[in-house]
**Student:** 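Sharing a structure below in structure tokens format, with a few things to ask.
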Amino acid sequence: MARIVEVEAYLGPEDLASHARFGRTARNAVMFGLAGIAYVYLVYGMYDCLNVVTEEDGVAGAVLIRAVEPLEGIEAMRRARFVVEGRRRAIREASDEARAAAAQRLAGVPVTRLASGPGLVAAAFGIDRTWTGTDLCDPASPVRLEPVPAADALADDAVRITTRIGVGYAGPDWADRPLRFVRRSHPSVSGPAAAR
DNA sequence: TGAATGATGCACT
DNA sequence: GTGCATCATTCAC
């Protein structure tokens with residue numbers, strides 16, 4: 001179990017940073033479907049990113065889960081990351097010593113940094129593209145969203161709103177929009193400590 | 001502490 | 001063929 005501490009909003013075809021910007025394609029079709037469904041895609045050929053569809057049926061929109069704070073099942077997340085990262089060719093073809101060193105490094109990653117990035121969130125939960133279409137609101141789903149207890153709700157000033165990461169290609173209009181929401185000063189937020 | 005870099009697969013043009 | 005909604009490592013300061 002983990003708590004979401006960083007998300008980015010991606011809108012419909014008008015949002016030049018969104019996968020929906022080219023309209024509906026085979027890859028992004030679920031973005032145009034029902035809310036609460038998972039949309040998982042591959043970036044840079046290596047990392048899966050978990051999105052949650054947000055808008056009503058027929059309207060594109062999703063929220064990218066960029067970082068979470070692990071709360072329970074820490075060792076399971078560590079194992080899942082080990083499995084996912086072990087699939088990479090550079091690791092697969094490495095020497096036994098190099099693989100052991102990689103495992104050693106992973107074992108030393110602090111809990112707060114176990115899922116502090118979009119690719120890491122997916123890896124920590126063992127999520128890949130085959131999860132696209134999974135209903136994250138179904139209580140029977142192995143990965144699901146649950147509401148935070150009202151008593152734990154964040155105050156407005158505990159949420160920092162910034163521009164999205166790595167979307168410069170979308171042009172200044174869309175790249176500069178305040179669509180990234182992070183928990184202020186939280187150690188599990190992605191990027192260097194100074195940026196939290 | 002920060003900038004540069006390499007790894008890697010696939011959707012889209 | 002091109003260009004990514006990234007991450008970890010290396011190197012310079």
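Quick caveat, the model's predicted, so the values are computed rather than measured.
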**Student:** Between A/D48 and A/R129, is there a side-chain N and carboxylate O pair less than 4.0 Å apart?
**Tutor:** yes
**Student:** Closer than 4.0 Å, any side-chain N/O of A/R24 to the OP1 or OP2 of B/dA11?
**Tutor:** no
**Student:** Categorize A/T25 for me: base, sugar-phosphate, or nothing, with a 4.0 angstrom heavy-atom threshold over every strand shown.
**Tutor:** sugar-phosphate
**Student:** Do A/E85 and A/R88 sit within salt-bridge range, that is, some charged N less than 4.0 Å from a carboxylate O?
**Tutor:**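 Judged by the 4.0 Å cut-off on N to carboxylate O distance, A/E85 and A/R88 do not form a salt bridge.
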**Student:** Extract from the structure each pairing of a protein N or O with an N or O of nucleotides 2-6 of chain C at less than 3.5 Å, listing the distance.
**Tutor:**
unit_1: C/dA5; atom_1: OP2; unit_2: A/Y169; atom_2: OH; d: 2.7
unit_1: C/dA5; atom_1: N9; unit_2: A/Y41; atom_2: OH; d: 3.4
unit_1: C/dA5; atom_1: N7; unit_2: A/A17; atom_2: O; d: 3.2
unit_1: C/dA5; atom_1: N7; unit_2: A/H19; atom_2: NE2; d: 3.4
unit_1: C/dA5; atom_1: N6; unit_2: A/H19; atom_2: N; d: 3.3
unit_1: C/dA5; atom_1: N1; unit_2: A/N51; atom_2: OD1; d: 2.7
unit_1: C/dA5; atom_1: N3; unit_2: A/Y41; atom_2: OH; d: 2.3
unit_1: C/dT6; atom_1: OP2; unit_2: A/Y44; atom_2: OH; d: 3.3

**Student:** Which range-with-range stems can be found for DNA chain C when each stem has 3 or more Watson-Crick or G-U pairs in a row and both distances sit under 3.5 Å?
**Tutor:**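 Looking at DNA chain C, the stems formed by three or more consecutive pairs are B:1-7 with C:6-12, B:9-12 with C:1-4.
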**Student:** On a whole-Å scale, what distance lies between the P atoms belonging to B/dT8 and C/dT10?
**Tutor:**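 It comes out at 15 Å once rounded to the nearest Å.
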**Student:** Is the backbone N or O of A/T25 less than 3.5 Å from a side-chain atom of A/N28, with the two atoms forming a donor-acceptor pair by type?
**Tutor:** yes
**Student:** Looking at A/I4, is its backbone amide N or carbonyl O close enough to the side chain of A/R183 to form a donor-acceptor pair, meaning the two atoms are under 3.5 Å apart?
**Tutor:** no
**Student:** Between A/E6 and A/F181, does a side chain to side chain contact (heavy atoms under 4.5 Å, CB included) hold up when you go through it step by step?
**Tutor:** CA-CA 6 Å; A/E6 178 180 1; A/F181 304 84; over 6 Å; no
**Student:** Please report, rounded to the nearest Å, how far the C1' atom of B/dG9 is from the CZ atom of A/R129.
**Tutor:** 8 Å
**Student:** Exactly one of A/I165, A/V7, A/V182 should register a side chain to side chain contact (heavy atoms under 4.5 Å, CB included) with A/R66. Which one does?
**Tutor:** A/I165
**Student:** May I have the distance from A/R89 (atom CZ) to B/dC10 (atom C1'), rounded to whole angstrom?
**Tutor:**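 Distance, rounded to whole Å: 14 Å.
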**Student:** Can you tell me how far P of C/dA8 sits from CZ of A/R105, to the nearest Å?
**Tutor:** 10 Å
**Student:** Nearest 0.5 Å please: distance from the OG1 atom of A/T54 over to the CG atom of A/L11.
**Tutor:**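 Nearest 0.5 Å value for the OG1-CG distance: 8.0 Å.
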**Student:** Using whole Å, report how far CG of A/D48 lies from C1' of B/dC10.
**Tutor:**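 Going from CG in A/D48 over to C1' in B/dC10 covers 11 Å.
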**Student:** Rounded to the nearest 0.5 Å, what separates atom OG1 in A/T134 from atom CD1 in A/I127?
**Tutor:**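 It comes to 8.0 Å.
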**Student:** Check every strand shown and say whether A/R92 touches a base, only sugar-phosphate, or nothing at a heavy-atom separation below 4.0 Å.
**Tutor:** nothing
**Student:** Keeping the roles fixed (side chain from A/R164, backbone from A/R177), state whether a donor-acceptor pair exists under 3.5 Å.
**Tutor:**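 Not at all, since once roles are kept as given, no pair shorter than 3.5 Å links the two residues.
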**Student:** Can you measure A/D128 atom CG to B/dG9 atom P for me and round it to whole angstrom units?
**Tutor:**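 Those two atoms, CG and P, are 14 Å apart.
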